Amino acid sequence: MLTWRTNSRGSDVGLAKYDSGEIGHGKYDSGEIPRGYIPSLTHSQISGEIPGASPDHMMSPVGNIGRRGHQFPYVNHSPNPSREFSGSLGNVAWKERVDGWKMKDKGAIPMTNGTSIAPSEGRGVGDIDASTDYNMEDALLNDETRQPLSRKVPIPSSRINPYRMVIVLRLIVLCIFLHYRITNPVRNAYPLWLLSVICEIWFALSWILDQFPKWSPINRETYLDRLALRYDREGEPSQLAPVDIFVSTVDPMKEPPLVTANTVLSILAVDYPVDKVSCYVSDDGAAMLTFDALAETSEFARKWVPFCKKYNIEPRAPEWYFAQKIDYLKDKIQTSFVKDRRAMKREYEEFKVRINGLVAKAQKVPEEGWIMQDGTPWPGNNTRDHPGMIQVFLGHSGGLDAEGNELPRLVYVSREKRPGFQHHKKAGAMNALVRVSAVLTNGQYLLNLDCDHYINNSKALREAMCFLMDPNLGRSVCYVQFPQRFDGIDRNDRYANRNTVFFDINLRGLDGLQGPVYVGTGCVFNRTALYGYEPPIKKKKPVFFSSLCGGRKKTSKSKKKSSEKKSHKHADSSVPVFNLEDIEEGIEGSQFDDEKSLIMSQMSLEKRFGQSSVFVASTLMEYGGVPQSATPESLLKEAIHVISCGYEDKTDWGSEIGWIYGSVTEDILTGFKMHARGWRSIYCMPKRPAFKGSAPINLSDRLNQVLRWALGSIEILFSRHCPIWYGYGGRLKFLERFAYVNTTIYPLTSIPLLLYCILPAVCLLTGKFIIPEISNFASIWFILLFISIFATGILEMRWSGVGIDEWWRNEQFWVIGGISAHLFAVFQGLLKVLAGIDTSFTVTSKATDEEGDFAELYMFKWTTLLIPPTTILIINLVGVVAGISYAINSGYQSWGPLFGKLFFAFWVIVHLYPFLKGLMGRQNRTPTIVVVWAILLASIFSLLWVRIDPFTTRVTGPDIVKCGINC
C-alpha cells in the first residue's frame with residue numbers, strides 16, 4: 001500500500017514500495033512509484049500525488065502507476081456522494097478568470113502561469129493565434145503562417161450542374177406523374193389504387209427531404225504543414241490545443257477487451273504532443289475484466305508506443321498492423337526494423353495470451369464476487385449499485401515508455417450507479433467523462449470513439465485541428481466529423497455495412513450547408529459547444545442608409561436593454577440559452593467590485609452545471625487547462641464528486657448541456673441542438689481513413705443495429721426536440737432542417753414500403769392492377785420518371801466516386817431494413833410513447849473474425865425481424881407463379897397486363913435477393929429446407945387456386961375450397 005505524508009508546505013511525498021503479491025493476472029513488482037503519480041483512493045484514504053499545473057504546458061500533469069500489477073481504483077465510499085465535496089479551488093479559479101477578463105480590457109491576453117502577452121498588431125484580441133509571436137524575419141515564411149489551414153474544394157461544375165438539372169427535371173416529372181395518378185383512378189380496383197397513390201405521395205415527400213440537402217456538396221483540403229509552422233515548430237514548445245479522448249465500453253463479453261486494448265494503444269501512439277493527449281476509458285459495466293485488461297494495456301504501451309513512433313508505422317493498432325497483407329518493408333530504411341518488428345510481434349502475441357487468460361478467468365464469476373489483492377471485494381461486483389471509480393494508469397511526468405519518453409495520460413473511469421436513479425445509458429456515461437476530464441485535464445477539444453474504432457491515421461487529430469484551430473473558421477465550429485470506415489467486411493458487402501452512400505454522399509452534401517450530422521463516433525468536439533454556449537456572432541456592418549439617417553452606436557444602457565431582451569428571448573426552449581460572450585460582457589461590465597456579486601454569478605452557473613465550483617470554473621476557460629492553484633486532494637475528490645449519480649439533479653445536463661437525453665440515438669439529438677444554436681460542423685475526409693471499426697456482418701446483428709437507430713429516430717420524432725417544430729427561433733438553416741427531419745421520419749417510410757411490396761402479389765393473385773390502361777402519351781411520363789431516377793443515381797455516383805455495386809447494395813438493404821427493422825421500430829416507438837413500455841437495446845457484438853474469412857457472414861440467427869421480409873418474399877414468388885399460370889391458361893390477350901404486374905413483383909424480389917441468399921447460406925441447411933418447402937407448397941396451392949383446365953373442366957379456387965379433400 002502507498003502512504004501519504006505531507007509536511008507543512010504540502011510538497012514532500014513519501015512513497016512506500018509494493019509488497020510482492022498476486023492477483024488476477026500478474027504480480028506486484030516491488031519498486032518506487034515515480035513522481036507525478038495520481039493517487040488512488042480506497043476507503044477514503046489518499047495514496048499518491050498529483051503534481052501542480054506545469055507553466056510550460058498550461059495543464060495539470062497527471063501521473064501514472066509506475067510498475068505493473070493490480071491497481072486499486074480511486075473509489076468513493078461516502079454515504080452521500082452527491083453532496084460530499086465542493087472545494088474552494090473553484091473560487092480561486094473563478095477569480096483568476098475574472099482577472100483575465102480585466103486584463104483583456106487593458107489589451108493584454110492572460111496566460112495560466114500569470115504572465116500576459118500583448119495582442120499582435122493588426123489582429124483581434126479574440127483570435128486564436130493572437131498571442132503567438134512568431135519573430136520571423138523571412139517574409140515568405142511569415143506569409144505561410146498566416147495562410148488558412150484548410151480550404152473548400154467545390155465539385156467541378158461539369159459534374160455538379162448536370163446533377164442539379166436532373167434533380168429539377170425529376171421533380172417536374174414526378175409532379176406530372178402524381179397528377180396523372182390522382183386524376184385517373186382505377187374503378188374496379190379502387191382500394192388498391194388508393195393505397196398505391198398514398199404510398200407514392202409519401203415516397204415523393206421522402207425523396208425531396210433526402211435529395212435537396214445534397215444540392216451543394218463540397219470537398220475539403222487540409223494543410224498540415226501550415227498547422228505545424230503556426231503551432232508546432234521544431235525546437236519550440238508546441239502550441240497545439242490539448243485533446244481529451246473518450247473511449248466508451250459496457251460489456252466486455254460483447255465488446256472484447258482485446259478490441260478495446262487495440263483502440264487504446266492506437267490513441268496512446270497518435271502523432272500528437274504527448275502532454276496534449278489524455279485518454280479516458282469509460283467502463284459503464286464496472287467490470288473487473290476491463291480494469292485488468294487496461295492495466296495490461298498500459299504496460300504493453302511502454303513498448304508499443306516507441307516502436308510506432310520510431311518507425312512511423314500505420315496503423316498503430318497492433319492487431320490490424322500485424323494482420324496487413326502488404327510489403328511491410330516498403331519505404332523502411334533502418335536496418336534494425338526487421339529485428340525490432342519480429343520482437344514486437346512476439347511481445348504482442350504474449351500480450352494477447354495474457355488478455356485471453358483474463359477473459360477465460362472472467363467466464364465464471366465466484367459466488368462471493370471478485371476479490372482484490374488486499375482482500376477487499378471489487379467495488380463493481382454489483383453492476384447496478386456501486387461507487388464511482390477512477391484509476392490513472394499513465395500520466396505526464398510519471399508514465400514513461402521503454403526509452404524514457406513521456407506517454408499520454410490513460411485514465412479508467414466507472415461512474416457511480418445506485419438503484420432509483422436514471423443513468424441515461426451511453427449519453428450519461430459520456431457526460432460523466434466530460435466532467436471528469438474537465439476537472440483533471442480540461443482539454444480544449446474532445447474526441448469520442450467507440451471501443452472498436454481505432455485510430456487508423458496517426459495524424460487524425462492534426463487533421464481536425466486544421467479546422468478547429470483556424471483563426472477564422474474555428475470559433476464557429478462545434479465539431480469535426482470523420483466518416484466511418486470498417487474492417488472485416490467481405491468485398492461484396494452483402495448487407496451494406498460500409499454505408500458508403502450515407503458517408504460519401506449525404507454527409508458531403510450537408511457539409512455544403514451547415515455541416516454533417518453527428519454520427520456517434522469519430523468526432524472531435526469543441527468543448528465550449530458541448531457546454532451549451534452559442535457561437536460568437538459576427539458583427540454586421542452598419543447599413544449605409546441607417547448611417548445617413550443619423551444612426552449612432554448603442555450606449556451602454558441600450559446594450560443593457562438589448563441584453564435583457566435577449567435573456568427574455570432565451571426563455572423559449574427552442575432558442576439557445578447560453579452565450580459565453582454575454583456572460584463575459586456582464587462580468588466585465590460589473591467589474592465585481594464586491595465579493596457578493598462574484599458569489600451570486602458563480603451560484604447561477606452552478607445551477608446550470610451542477611454543484612462543483614471546480615467544474616464551473618473549468619467551463620469558463622475558453623482555451624482549456626487546469627488552474628495552477630490546483631491541489632492533488634481537491635482534484636481527486638472533485639473528480640469522484642462529478643461522476644456521482646445525483647450530480648445532474650436539477651441541472652441542465654442532458655437537456656441543454658453535454659450529450660442530450662431522450663433517445664437511444666443521442667448522437668443525432670446532440671448534433672441537432674448544436675446546429676440549432678447556430679454552430680456549424682465540418683466533414684473531414686483525409687485520403688487515409690482517420691478511424692476504422694468493426695461492423696456486424698451477420699444479417700441478424702445488422703438488423704438489430706438498424707432497429708436501434710430507427711427506434712432512436714422515432715423517439716426524437718415524438719419528443720419536444722423534433723426538428724419539424726423545434727428551434728425556429730434559432731439559427732438552423734432551412735435545408736439543414738430538411739436533413740434532420742429526414743433522419744427522424746425515415747422509419748415511417750416502412751409502412752408505405754411494406755404495403756407497396758405486398759401490392760404486386762395481390763395484383764397477380766386477384767387479376768387486378770393499380771394503374772389503368774394508359775395511352776401512348778401517358779406512357780412517356782412513366783418512362784421519363786424511371787429514366788430520371790436512374791440518371792440521378794448515375795450522376796450522384798459520378799461526382800461522389802461511389803461505385804455502382806455499393807450504390808445498388810444500399811438500395812437493396814433500404815428495402816430489407818425498411819420492411820423489417822424500421823417497421824418494428826415504429827411500433828416499439830409508439831408503444832413507448834403511448835403506453836410507456838420501454839424497450840432495452842442490446843450492445844452490438846464486436847467479435848473478431850477468428851474462425852475464417854467472413855465465417856460469421858454465413859451464420860443464420862433467426863429473429864422476429866426476419867418474419868416480414870420472409871413473408872413478402874414468399875407471397876411475391878407465389879404471385880409470380882400464379883400470374884404466369886393464369887396467363888398461360890387465359891391466352892395471348894392476358895400477357896400484356898401481366899408484364900406490368902411482373903415488373904413490380906420482380907422489383908421486390910430483386911431487392912430482397914441478399915436476404916434470400918442469406919437464408920440459403922452454406923451453414924443454413926435447416927432454414928433453407930424450410931423456405932424451399934414453403935415456396936414449393938405455396939406454388940402448388942397457387943396453381944390450384946387460379947383457373948386451370950387440367951381435365952377439360954374449369955375449376956375455380958372457391959370450388960376447390962368447397963370440395964375439400966375430394967378434389
Side-chain angles (χ1 to χ4, degrees), residues 24-27 29 64-65 67-69 247 249 252 255-271 274 279 281 289-330 332 334 336-362 393-394 399-405 407-408 410 412 449 451-458 487-488 691-694 846-853:
H25 61 276
K27 298 181 179 180
D29 297 329
N64 76 299
I65 291 179
R67 294 288 183 265
R68 197 169 101 193
V247 179
T249 181
E255 300 167 327
L258 188 62
V259 174
T260 305
N262 272 271
T263 300
V264 172
L265 289 169
S266 69
I267 293 171
L268 298 178
V270 70
D271 183 8
V274 293
C279 178
V281 179
L289 173 58
T290 303
F291 183 85
D292 287 343
L294 210 57
E296 286 285 355
T297 304
S298 65
E299 289 303 315
F300 179 71
R302 301 178 192 275
K303 304 172 185 177
W304 174 252
V305 172
F307 171 76
C308 294
K309 294 186 175 180
K310 181 179 180 180
Y311 297 109
N312 194 28
I313 66 168
E314 297 283 359
R316 299 189 175 180
E319 181 70 25
W320 298 106
Y321 170 70
F322 290 120
Q324 291 181 113
K325 297 178 182 179
I326 61 172
D327 180 13
Y328 62 85
L329 296 178
K330 186 178 181 180
K332 296 295 185 292
Q334 297 98 324
S336 60
F337 173 69
V338 175
K339 181 180 178 180
D340 290 349
R341 185 183 186 277
R342 189 181 298 115
M344 184 53 60
K345 187 173 183 180
R346 181 180 178 86
E347 290 283 351
Y348 177 65
E349 289 171 351
E350 293 176 355
F351 168 72
K352 287 179 67 175
V353 170
R354 292 195 296 269
I355 296 295
N356 292 337
L358 292 175
V359 174
K361 184 178 180 180
F393 289 101
L394 299 173
L400 302 180
D401 60 27
E403 298 180 0
N405 300 317
L407 288 170
L410 176 60
Y412 169 90
L449 295 172
C451 67
D452 63 321
H453 275 71
Y454 64 89
I455 297 180
N456 183 65
N457 183 349
S458 61
D487 286 313
F691 310 100
K692 279 191 175 183
S694 58
K846 280 92 175 177
T848 56
D849 187 24
E850 297 177 351
E851 299 179 0
D853 292 340

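Side chains are part of it too, since the values below use all heavy atoms of this structure and drop only hydrogens, waters and symmetry mates. Just so it is clear, the model here is predicted, and its values are computed rather than measured.
- Counting only distance, with no hydrogens or angles, the side chain of E314 and the backbone of S458 share a donor-acceptor pair below 3.5 Å.
- With K352 as the partner, the salt bridge (charged side-chain N to carboxylate O under 4.0 Å, His left out) test is satisfied by one option alone out of E347, E296, E319: E319.
- Note: R342 CZ to K339 NZ = 9.5 Å, rounded to the nearest 0.5 Å.
- Two residues are said to be in side-chain contact when any heavy atoms from C-beta on lie closer than 4.5 Å; I267 and L449 meet this criterion.
- For A261, the side chain to side chain contact (heavy atoms under 4.5 Å, CB included) partners are T297, F351, not counting sequence neighbours.
- In this structure, the separation between NZ on K361 and CG on D292 is 7.5 Å, given to the nearest 0.5 Å.
- Between L394 and P408, the closest heavy-atom pair is CB-O, 3.5 Å.
- Taking 4.5 Å as the limit, every side-chain heavy atom of V264 sits out of range of all side-chain heavy atoms of F300.
- Smallest separation of non-hydrogen atoms from P252 and P257: O-CD, 3.4 Å.
- Looking only at distances, no side-chain donor or acceptor of N456 sits under 3.5 Å from a matching main-chain atom of K692.
- Considering only heavy atoms from C-beta on, V274 comes within 4.5 Å of K309 through its side chain.
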Evaluation steps, side chain to side chain contact (heavy atoms under 4.5 Å, CB included), between T290 and T260: CA-CA 9 Å; T290 303; T260 305; 5.6 Å; no
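- Below 30°, between 30° and 60°, or above 60°: for F291 and F393 the angle between ring planes is between 30° and 60°, a tilted geometry.
- Closest approach of L258 to I355, counting heavy atoms only: N-CG2, 4.0 Å.
- A salt bridge links K310 with D340: the distance from a Lys NZ or Arg NE/NH1/NH2 to an Asp or Glu carboxylate oxygen falls below 4.0 Å.
- By the 30° and 60° cut-offs, the orientation of the rings of F307 relative to W304 is tilted.
- No more than 12 heavy-atom neighbours from other residues, nucleotides or ligands sit within 6.0 angstrom of NZ on K303.
- Using a distance-only test at 3.5 Å, with no hydrogens or angles considered, no donor-acceptor pair links the side chain of S266 to the main chain of A317.
- Looking at every heavy atom in both residues, V247 comes nearest to C279 through CG2-SG, 4.3 Å.
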Do E255 and D452 pass the side chain to side chain contact (heavy atoms under 4.5 Å, CB included) test, and can you show the C-alpha distance, the side-chain angles, and the key distance before you say yes or no? CA-CA 8 Å; E255 300 167 327; D452 63 321; over 6 Å; no
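- Judged purely by distance below 3.5 Å, without hydrogens or angles, the side chains of S694 and Y454 never pair a donor atom with an acceptor atom.
- Pairing each heavy atom of A362 with each of L289, the nearest pair is CB-CD2, 3.9 Å.
- The line from CG of L410 to CG of L294 is 4.5 Å long, rounded to the nearest 0.5 Å.
- Side-chain contact between D271 and R316 is present, with at least one heavy-atom pair separated by less than 4.5 Å.
- The two residues L265 and P318 come nearest to each other via the heavy atoms CD1-CG, 3.6 Å.
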